[in-house]
Amino acid sequence: MTNPIYRFESGSLTHSGCVRDHNEDRFLAASDQGLWVVADGMGGHFGGDIAAQIVVDQSATVQRAITAPDLQARFEDRILRANDEIRAHSARNDNAMIGATLAAVLVHDDSFAAIWCGDSRVYLLRDGTLHQLTRDHTEAQELLDQGTITAEQAANWPRKNVITRAIGVQEDIQLDHEFGALQDRDIFLLCSDGLTGHIEDHEIADALKGRSAQSACDLLVQMTLDRGATDNVTVVAVRCGLKTLVTGQGAGSMAWKG
């Protein structure tokens, strides 16, 4: 009898970059809960870092779930709470416009969910091919989807960093989702736009291949810094490995493999 169980190796790194004087990015890597989060604050000295911290702090209160839908429900409840808390903080501070993007990966048993709001991203490297699971909530992406501009124009759009969704900005929040089944040796990468502003997708794929999760994060952040890092940069990498509980006949004949 076999019972598939996944183990996770996480790596993470954040840096203020070469231009910004403080870091508004925050992250969470909670393998025990099956939860990884990147939040990129917006609002500068008015409290973007506070907004991102609220998102991460609320996410950290999610406990082990019974089922995948239970985990999703618990997590989204915390994001709703974060939205209310950020808005309350803004109201106490002359309604300063603050908020945070969200990129999250949730895992339960052999299923995963990518959940996002804004332009922080989730990638999946599977069988050597990199897939972007998220779709940016930005003005440039909307124009691209409408066919108003080309991909080349979108890459150089003067307002390409203008986001159309964020946690804490409006009373109601809209989250997007991508669901799937885990496979052995899957690698997830969560990142703020400080990474993708300087690093191409094929370079992300190359950095993830054949490296530990932490080594991949270290390399990607260093590459960003070497290219000027005009924004805060945060990366979280998650390597998934399949373990199998093999049960034979007789007492004590049980062992982990993989």
task: Report the hydrophobic cluster partners of Leu130, with the cluster defined as I, L, V, M, F, W, Y residues connected by side-chain heavy atoms closer than 4.5 angstrom, directly or transitively.
output: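 Under the 4.5 Å side-chain rule, Leu130 groups with Leu13, Tyr123, Leu125, Ile187, Leu189, Leu195, Ile199, Ile204, Leu208, Leu219, Leu220, Val221, Met223, Leu225, Val233, Val235.
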
field: Residue list, side chain to side chain contact (heavy atoms under 4.5 Å, CB included) with Arg20, at least two apart or on another chain
entry: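 Per chain and number, Arg20 pairs via side chain to side chain contact (heavy atoms under 4.5 Å, CB included) with Glu24, Asp231, Asn232.
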
Closest approach of [X] to [Y] (non-hydrogen atoms, all atoms of both residues):
X: Leu71; Y: Gly34; answer: CD2-O, 4.0 Å
X: Ser111; Y: Ala68; answer: OG-CB, 3.5 Å
X: Trp36; Y: Leu190; answer: O-CD2, 3.4 Å

- prompt: In terms of side-chain geometry, is the basic nitrogen of Arg78 or Glu85 positioned less than 4.0 Å from the acidic oxygen of its partner?
  reply: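 Salt bridge flag = no for Glu85 with Arg78.
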
Are [X] and [Y] side-chain neighbours, meaning at least one heavy-atom pair lies under 4.5 Å?
X: Gln58; Y: Asp77; value: no
X: Ile115; Y: Asp176; value: no
X: His89; Y: Ile98; value: yes

- request: Scan side-chain atoms only and decide if Glu76 and His177 contain a donor-acceptor pair under the 3.5 Å cut-off.
  value: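 Indeed, the side chains of Glu76 and His177 share at least one donor-acceptor pair under 3.5 Å.
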
Say whether, by atom type as modelled, one donor and one acceptor occur between the side chain of [X] and the main chain of [Y] under 3.5 angstrom.
X: Asp186; Y: Gln183; value: yes
X: Arg211; Y: Asp206; value: yes
X: Gln214; Y: Ser12; value: yes
X: Asp40; Y: Leu102; value: no

task: Return the orientation label for the His137 and Trp116 ring planes: parallel under 30°, perpendicular over 60°, tilted otherwise.
output: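 If you compare the ring of His137 with that of Trp116, the planes turn out parallel.
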
